[in-house]
> 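Sending over a structure as structure tokens; questions will come in a sec.
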Number of protein chains: 2
Amino acid sequence: MAKPSSPRGAARQRVLDASLELFALHGVSGTSLQMIAARIGVTKAAVYFQFRTKEEIVAALLEEPLCALGRVLDDAERETRRVRRVEVTLQGLVDAVLANRRGTAMLIRDPGAALALKQIEAFTVVGERLESLLLGSRTTREDRVSFAVLMGGLMQVGVSPYLEDLDDVTLRRILIRVGGRLLGVDDEAGVRQN
Amino acid sequence: MAKPSSPRGAARQRVLDASLELFALHGVSGTSLQMIAARIGVTKAAVYFQFRTKEEIVAALLEEPLCALGRVLDDAERETRRVRRVEVTLQGLVDAVLANRRGTAMLIRDPGAALALKQIEAFTVVGERLESLLLGSRTTREDRVSFAVLMGGLMQVGVSPYLEDLDDVTLRRILIRVGGRLLGVDDEAGVRQN
DNA sequence: GTCTATAGATAGATAGAC
DNA sequence: GTCTATCTATCTATAGAC
């Protein structure tokens with residue numbers, strides 16, 4: 001949480017913050033370096049000093065939350081009981097979305113970010129790990145659809161202004177319950193499958 | 001379904017088809033009129049003869065499926081029994097997504113299309129009507145989150161290549177069942193598919 | 001670290017010939 | 001309906017002064 005300490009990191013962070021905000025609003029392709037520079041009150045050249053391309057900004061924005069999620073998945077995979085695995089995974093996923101509402105979730109589904117996304121090694125496997133952790137041996141077509149709906153739904157919740165009135169704690173609790181219901185696990189009695 | 005009959009409509013339709021494909025791939029902002037023109041083998045000027053701006057193309061692409069969905073909602077609102085209302089609404093919504101997988105769903109959540117989207121009168125109310133039809137008097141916070149997850153999930157399913165192996169009929173059946181489960185309606189007894 | 005200046009490419013859009 | 005030609009604006013990116 002305490003990042004803007006070093007003089008170099010401060011300017012870099014300002015670029016990242018402004019970029020994330022603008023990307024969420026106009027999309028990656030719809031955001032120019034000009035706009036980013038203007039928002040933080042500097043010129044394009046100043047931005048280019050921190051990042052050599054726009055894609056590098058996108059990658060930097062995505063790498064952090066993806067790696068954080070990756071670490072949660074590491075923990076989840078160490079769990080032996082399936083119930084706990086689903087629980088830990090779902091919580092980590094929800095936390096990743098809530099960590100930056102209207103930001104990261106937006107980027108994940110931005111076509112302009114797709115290229116940068118593919119180059120991040122972490123991302124390539126995260127999807128498969130999530131599916132494996134949440135579905136386990138349940139791989140019927142309905143399970144797969146439920147998984148896709150859950151992922152899309154979580155991203156939507158992260159982006160939508162429709163739920164802005166809900167605070168993070170409340171939203172987290174509800175999302176985990178709804179997610180469990182969607183996956184067909186009973187959260188009341190400790191995540192049991194139907 | 002039979003549209004490309006008149007000579008004028010044919011060229012127009014070619015532009016729409018190419019645009020939808022490219023928008024789905026690169027996003028609206030990431031797609032230039034140059035790219036659209038190149039794909040159908042004409043020049044930019046030829047595209048400008050059909051549509052005066054890029055936004056007009058976006059609006060044309062969105063208006064049709066949105067109006068179709070609107071008509072389904074008209075029907076749903078005439079239903080007196082709540083069970084039937086949810087049933088008809090959910091089916092119409094799923095059909096709207098499946099009508100153009102990887103197309104319309106993509107556009108709905110594209111930041112570059114947001115402006116054009118707001119100008120379509122039909123869209124402004126569709127969201128509220130959907131919520132009212134699907135939730136009815138159930139408006140707890142969990143209900144609202146479930147609704148948001150459902151909408152985002154459906155869009156995701158429409159976009160995702162992850163479910164491309166499922167044919168429309170299968171996907172439709174599963175989506176309606178998953179949607180019913182998410183909304184907390186008992187599909188076995190009440191909401192029956194087809 | 002930030003600036004000015006500028007290069008080179010491409011964007012959206014228009015005019016007018018065919 | 002489609003073309004060539006062209007306009008203006010903006011884009012990414014670089015070079016070099018401060």
Side-chain angles (χ1 to χ4, degrees), chain A residues 3-62 107 110-117 119, chain B residues 3-62 107 110-117 119:
Chain A
K3 261 282 185 58
S5 48
S6 72
R8 180 182 162 270
R12 187 186 155 93
Q13 193 60 40
R14 273 195 296 274
V15 172
L16 289 177
D17 290 343
S19 299
L20 186 58
E21 215 170 318
L22 289 168
F23 288 164
L25 205 57
H26 307 108
V28 174
S29 297
T31 304
S32 67
L33 293 184
Q34 190 80 265
M35 294 163 73
I36 296 171
R39 164 151 295 221
I40 50 184
V42 298
T43 62
K44 278 185 292 179
V47 177
Y48 271 106
F49 180 80
Q50 307 288 348
F51 301 93
R52 279 208 307 232
T53 67
K54 190 162 72 170
E55 241 184 39
E56 241 180 46
I57 302 179
V58 176
L61 283 172
L62 284 167
L107 264 187
D110 193 306
L115 203 74
L117 210 47
Q119 286 170 351
Chain B
K3 264 284 185 58
S5 47
S6 71
R8 180 183 162 268
R12 187 185 156 93
Q13 193 60 40
R14 273 196 297 272
V15 172
L16 288 177
D17 290 342
S19 299
L20 185 58
E21 216 170 318
L22 290 167
F23 288 164
L25 204 58
H26 307 107
V28 173
S29 295
T31 303
S32 67
L33 293 183
Q34 191 80 262
M35 294 163 73
I36 297 171
R39 164 152 293 222
I40 50 183
V42 297
T43 62
K44 276 188 293 182
V47 176
Y48 271 106
F49 180 79
Q50 307 289 347
F51 302 92
R52 278 206 309 228
T53 66
K54 189 161 73 169
E55 241 185 39
E56 242 181 45
I57 302 179
V58 176
L61 284 172
L62 283 167
L107 264 187
D110 193 306
L115 203 75
L117 208 49
Q119 287 170 350

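Below, chain A is the first sequence line, B the second, and so on; all start at residue 1. We use all heavy atoms of the structure for the numbers below, so side chains are in, but hydrogens, waters and symmetry mates are not.
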> Would you say A:Ser29's side chain and A:Gly112's backbone share a donor-acceptor pair under 3.5 angstrom?
no
> Looking at five pairs on each end of the helix from C:dG1-D:dC18 to C:dC18-D:dG1, what is the angle between the two axes, given to 10 degrees?
10°
> Taking only side-chain N and O atoms of A:Arg14, does any of them lie within less than 4.0 angstrom of OP1 or OP2 on C:dG1?
no
> Return no unless some side-chain N or O of A:Thr43 is found under 4.0 Å from OP1 or OP2 of C:dC3.
yes
> For A:His26 and D:dC11, give me the distance from atom NE2 to atom P, rounded to whole Å.
12 Å
> Looking only at side-chain N and O atoms, does B:Gln34 come under 4.0 Å of OP1 or OP2 in C:dA11?
yes
> If I take atom NZ in residue B:Lys54 and atom C1' in nucleotide C:dT10, what distance separates them, rounded to the nearest angstrom?
12 Å
> Closer than 3.5 angstrom, by distance alone: can the side chain of B:Gln13 be matched with the main-chain N or O of B:Gly9 as a donor-acceptor pair?
no
> Report the distance from atom CG of B:Leu20 to atom CG of B:Leu107, rounding to the nearest 0.5 Å.
6.0 Å
> D:dT10, OP1 or OP2 - any side-chain N/O from A:Ser32 closer than 4.0 Å?
no
> Tell me which of A:Phe49 and A:Lys44 sits closer to the 5' end of DNA chain C, going by the nucleotide each one is nearest to.
A:Phe49
> Would you indicate which nucleotide in D:dT2, C:dT2, C:dA13 comes nearest to any side-chain atom of B:Ala46?
D:dT2
> To the nearest 0.5 angstrom, please state how far the CD1 atom of B:Ile36 sits from the CD atom of B:Gln50.
12.0 Å
> Say you draw a straight line from OG of A:Ser19 to NZ of A:Lys54; how long is it, rounded to the nearest 0.5 Å?
9.5 Å
> Once you round it to whole Å, what is the distance between P of C:dT10 and CG of A:Leu33?
17 Å
> Ignoring hydrogens, what is the shortest heavy-atom contact between A:Gly27 and A:Asp110? Give both atom names and the distance.
CA-OD2, 3.1 Å
> Using a 4.0 Å heavy-atom cut-off, does A:Ser29 contact any base of the nucleic acid, only the sugar-phosphate backbone, or nothing at all?
nothing
> Determine which pairs satisfy salt bridge (charged side-chain N to carboxylate O under 4.0 Å, His left out) with at least one residue from residues 18-28 of chain B, sequence neighbours left out, and list them in order.
B:Glu21-B:Arg39
> Side chain of A:Ala11, heavy atoms from C-beta onward: which of C:dA13, D:dC3, C:dG1 has the nearest atom to it?
C:dG1
> Starting at CD1 of B:Ile36 and ending at P of C:dA13, how long is that distance when rounded to a whole Å?
11 Å
> Whole-Å distance between C:dA11 P and B:Ile57 CD1?
14 Å
> Round to the nearest Å and state the distance from A:Tyr48 atom OH to D:dG16 atom C1'.
17 Å
